[in-house]
Asks: 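First the structure, then my questions, so here it is.
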Amino acid sequence: MTRTEELLAAAAAAPGFMPADEGRALYEAARAVAVDGPLLEIGSWMGKSALYLAAAAAEAGRVVVTVDHHRGSEEHQPGWEYHQPELVDPATGLLDTLPSFRRTVHPAEDLVVAVVGRSEVLAPLWSSPPALLFLDGSHTEESARRDQDAWVGKLAVGGTLAVHDVFPDPADGGQAPFGVYTRVLASGDFTELPGTGSLRVLRRDR
Ligand code: SAH
Ligand code: MG
C-alpha cells in the first residue's frame, strides 16, 4: 500500500459525518490543485476530512492545517440532533473532540497541523494563501458568512474552494453553506468544478 492508499483507508474507517464518496471527492479536489500552498480546513471535528486532505498532501508534499475549537457546532450540543453524550468532558461539562481528533489523525501527524481555537480569531493572523480552502465549520447563517468573509479572500488565485453541506433544497438541510456557495459563484471570480453530493468545488480564477 502507498502512503496515500493507507491514509485513504484510514479516512474511510474514521468516525465522522463525511460520506465516503464526498471524502474521496475532497481528496481528488485537493490532489488536482495546481498552485502551491497549504490545504486549509475550517472545522476539524474528529479528523475524518483532514485525513482525506492528508492523503492528497502526502502526494504533493503539502501540509494540512485544520482549525477547530473542538467544542462542537450548534447541532452537536445537548438536546440537538447530532449530540453524542460520550464526547462531553466531565471535567468541563463541555464537548471535546480533540482526543478523538488526535486518534484519527495519528497516521498523518507529520502532515496535519491542528489549530485549536476559533476560526474568526485565527483568520486575522493568517496570511499564507491556501491552495485549497475547505469550509466546514459552524453552519449558522451568521457564522457561515463570517467564515466566508474571513477566509475566501485569502485563497491563492488558481486555488480551490470546497464547501461542505451545500443543500439547494431546504428539505435536505440548512441553507447557510448553500448561501456561501451562491454568493461566491455570483462574485464572478470563481469557476465551478464538478461536485459530489453536498460537496461543492470552485476554482478561484482571479
Ligand atoms: N470537517 C469535519 C466536520 C466538521 S463539523 C469532517 O468532515 O470530518 C464542524 C466543526 O466546526 C465542529 O467540530 C465545530 O467544533 C467546528 N466549529 C464550529 N464553529 C467554529 C468556530 N467558530 N471556529 C472553529 N471551529 C468551529
Ligand atoms: Mg460537513
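Ligands are counted one by one from 1 in listed order, and the atoms in each one are counted from 1 as well. Everything numeric in this text was worked out from a predicted model, so none of it was measured.
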Asks: Just which atoms of ligand 1 are under 4.0 Å from any heavy atom in E41?
Replies: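 Here the atoms of ligand 1 in question are 1 (N).
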Asks: Could you pull out the closest heavy-atom pair between S49 and M18, with the gap in Å?
Replies: CB-CE, 4.0 Å
Asks: Is ligand 1 under 4.0 Å from a heavy atom in the side chain of E75, in the backbone, in both, or in neither?
Replies: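 For E75, no heavy atom sits under 4.0 Å from ligand 1.
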Asks: Please determine whether the number of non-hydrogen atoms from other residues, nucleotides or ligands lying under 6.0 Å from atom CG of D36 exceeds 12.
Replies: no
Asks: Measuring from non-hydrogen atoms of T97 to any atom of ligand 1, is the shortest distance under 4.0 Å?
Replies: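 Contact check T97 vs ligand 1: negative.
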Asks: Looking at ligand 1, does any of its N/O atoms fall within less than 3.5 Å of an N/O of H164?
Replies: no
Asks: Considering only non-hydrogen protein atoms, determine which one is nearest to atom 12 (C) of ligand 1 and report residue, atom name and distance to 0.1 Å.
Replies: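 Closest protein heavy atom to atom 12 (C) of ligand 1: D68 OD2, 3.3 Å.
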Asks: Quick one: closest heavy-atom pair of H139 and E74, and the distance?
Replies: N-OE1, 4.4 Å
Asks: Can you label the angle between the W45 ring and the H76 ring as parallel, tilted or perpendicular, going by 30° and 60°?
Replies: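 Answer is parallel, since the angle falls under 30°.
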Asks: Could you state the interatomic distance from CD (E75) to OG (S138), rounded to the nearest 0.5 Å?
Replies: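 Answer for the CD-OG pair, E75 versus S138, is 7.0 Å.
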Asks: Ignoring hydrogens and angles, state whether a donor on the side chain of E59 or Y27 is under 3.5 Å from an acceptor on the partner side chain.
Replies: yes
Asks: Can you report which non-hydrogen protein atom sits closest to atom 20 (C) of ligand 1, along with the distance?
Replies: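 Result: H69 NE2, 3.2 Å.
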Asks: Heavy-atom contact under 4.0 Å between G72 and ligand 1?
Replies: yes
Asks: Answer yes or no for G117: is there a heavy-atom contact with ligand 1 below 4.0 Å?
Replies: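 Yes; G117 lies near enough to ligand 1 that a heavy-atom distance drops under 4.0 Å.
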Asks: I need the atoms of ligand 1 closer than 4.0 Å to a non-hydrogen atom of W45, numbered in the order shown.
Replies: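 Taking each heavy atom of W45 in turn, ligand 1 has 2 (C), 3 (C), 4 (C), 5 (S), 12 (C), 13 (O) under 4.0 Å.
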Asks: Are any non-hydrogen side-chain atoms of T66 and L53 less than 4.5 angstrom apart?
Replies: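 Sidechains of L53 and T66: no contact.
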Asks: Does any part of the side chain of I42, heavy atoms only, come nearer than 4.5 Å to the side chain of F134, both counted from C-beta?
Replies: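 Of all side-chain heavy-atom pairs linking I42 with F134, none is under 4.5 Å.
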Asks: For ligand 1, is any non-hydrogen atom under 4.0 Å from S44's backbone (N, CA, C, O), its side chain (CB onward), both, or neither?
Replies: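 Just the backbone.
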Asks: Regarding ligand 1, does S119 bring an N or O atom to under 3.5 Å of one of the ligand's N or O atoms?
Replies: yes
Asks: What's the atom name of the N, O or S in D165 nearest to the Mg ion (ligand 2)?
Replies: OD2
Asks: Can you check the angle at the Mg ion (ligand 2) formed by ND1 of H164 and OD1 of D136? Round it to the nearest 10°.
Replies: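 The ND1/OD1 angle about the Mg ion (ligand 2) sits at 100°.
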Asks: Mark up the atoms of ligand 1 that fall under 4.0 Å of a heavy atom belonging to G137, in ascending order.
Replies: 9 (C), 11 (O)
Asks: Going by the order shown, which atoms of ligand 1 are within less than 4.0 Å of some heavy atom of R146?
Replies: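 Selected atoms, number and element: 22 (N).
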Asks: Show the nearest heavy-atom pair for residues S44 and D68, with the distance to one decimal.
Replies: N-OD2, 2.8 Å
Asks: Check this for me: does any side-chain nitrogen of one of R3 and D110 sit under 4.0 Å from a carboxylate oxygen of the other?
Replies: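 Looking at D110 together with R3, the answer is yes, because their closest N to O distance falls below 4.0 Å.
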Asks: Is the contact between M46 and ligand 1 made by the side chain, the backbone, both, or neither, using heavy atoms and a 4.0 Å cut-off?
Replies: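 Near ligand 1, M46 shows nothing, with every heavy atom at 4.0 Å or more.
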Asks: Numbering the atoms of ligand 1 from 1, which are under 4.0 Å from a heavy atom of K48?
Replies: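 Taking each heavy atom of K48 in turn, ligand 1 has 8 (O) under 4.0 Å.
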Asks: Counting from 1, what ligand 1 atoms have a heavy atom of S49 closer than 4.0 Å?
Replies: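 Reading through ligand 1 atom by atom, the close ones are 1 (N), 2 (C), 6 (C), 7 (O), 8 (O).
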Asks: Run the numbers for me: atoms of ligand 1, each under 4.0 Å from some heavy atom of M18, listed by number.
Replies: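 Within the 4.0 Å cut-off of M18, ligand 1 contributes 7 (O).
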Asks: I'd like a table of donor-acceptor pairs (distance under 3.5 Å, sequence neighbours excluded) in which one partner is a side-chain atom from residues 120-129, with atom names and distances.
Replies:
from	atom 1	to	atom 2	distance (Å)
E120	OE2	R118	NE	2.8
W126	NE1	S128	O	2.8

